[in-house]
Amino acid sequence: MKSVSVVIPSYNYARYLGEAIDSALAQTLPPLEVIVVDDGSTDETSEVLATYADRIRVLRQKNSGVAVARNSGIAAAHGEYVAFLDADDIWLPRKLELQMARFDESIGLVHCGVEFGSNIQLPRVEGDVADALLLLEPDVIHGPGSTV
């Protein structure tokens, strides 16, 4: 079975972070690790993270932005694959299971739709999306980084 590292960048999202972590830990395909990158938070993020003890890995850095936080998480990851989860998002329980099953089809990136309350947005582009991504075409991948 392929292993997945979940990377959660967080800056002052203590109020949402616990739900995000819980959704990663509750996956039907358990991740190899959940890495939370605390990007210099000044809120109660440290207290939230302390409640997870050894169930997650925590990296701390000075505030450098979400891209640097994601890259720090990637550099520390031990999984064959990396899945991003934004600190203010939650995953449905089968997200990793369903997305990892698609990698058996020899593709390099898997993305999914996003749900905002009762509004569901599904991807409009499937198959080879490389050219569309490189050309910055709109609506190739919906939603936040948590869908990839």
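What you see below is based on every heavy atom in this structure, not just the backbone, and it leaves out hydrogens, waters and symmetry mates. On a predicted model such as this, the values are computed, not experimentally measured, just so you know. One is the number of the first residue; the rest follow in order along the sequence.
In terms of the side-chain contact (heavy atoms from CB on, under 4.5 Å) criterion, Leu92 has no residue partners (sequence neighbours excluded). Every residue meeting the salt bridge (Lys or Arg N to Asp or Glu O under 4.0 Å) condition with Glu97, not counting sequence neighbours, appears here in chain and number order: Arg94. Listed by chain and number, the residues in a side chain to side chain donor-acceptor pair (under 3.5 Å) with Asp22 are Tyr52 (sequence neighbours excluded). A search for side chain to side chain donor-acceptor pair (under 3.5 Å) contacts involving Asn63 returns Asp39, not counting sequence neighbours.
Closest heavy-atom contact between Trp91 and Phe84: CZ2-O, 3.3 Å. Closest non-hydrogen pair, Ser3 versus Gly79, comes out as OG-CA, 3.5 Å. Heavy-atom minimum distance, Ala20 versus Leu85: O-CD2, 3.2 Å. The two atoms that bring Ala83 and Val4 nearest to each other are CB-CG1, 4.0 Å, heavy atoms only. The two residues Ile21 and Val36 make their nearest non-hydrogen contact at CD1-CG2, 3.9 Å. For the residue pair Pro9 and Val66, the shortest heavy atom distance occurs at CG-CG2, 3.7 Å.
In this structure, the side chains of Leu96 and Val6 come closer than 4.5 Å at one or more pairs of heavy atoms. Side-chain contact between Ile56 and Ile35 is absent, with no heavy atoms from C-beta onward closer than 4.5 Å. Between Leu49 and Arg60, some side-chain heavy-atom pair lies under the 4.5 Å cut-off. Lys95 places none of its side-chain heavy atoms less than 4.5 Å from the side chain of Ser23. At least one side-chain heavy atom of Gln61 sits under 4.5 Å from a side-chain heavy atom of Val68.
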**OP:** Run the numbers on Asp38 and Ser46 for side chain to side chain contact (heavy atoms under 4.5 Å, CB included), then give the verdict.
**Re:** CA-CA 8 Å; Asp38 180 2; Ser46 290; 4.3 Å; yes

**OP:** Before giving the answer on side chain to side chain contact (heavy atoms under 4.5 Å, CB included), spell out for Ile8 and Val34 the whole-Å C-alpha distance, their side-chain angles and the decisive distance to 0.1 Å.
**Re:** CA-CA 8 Å; Ile8 305 174; Val34 175; 3.8 Å; yes

Cut-off 3.5 Å, no hydrogens considered: what does the side-chain donor-acceptor table look like for residues 12-19, sequence neighbours left out?
| residue | atom | partner | partner atom | Å |
| --- | --- | --- | --- | --- |
| Asn12 | OD1 | Thr42 | N | 2.6 |
| Asn12 | OD1 | Thr42 | OG1 | 3.4 |
| Asn12 | OD1 | Asp43 | N | 3.1 |
| Asn12 | ND2 | Thr42 | OG1 | 3.4 |

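Using a cutoff of 4.0 Å between basic side-chain nitrogens and carboxylate oxygens, Glu80 and Lys2 are not scored as salt-bridged.
Met100 CE to Gln27 CD: the interatomic distance, rounded to the nearest 0.5 Å, is 12.0 Å.
Through ILVMFWY side-chain contacts below 4.5 Å, Ile90 is grouped with nothing and stands alone.
Here the side chain of Asp86 pairs no donor or acceptor atom with the backbone of Asp89 at under 3.5 angstrom.
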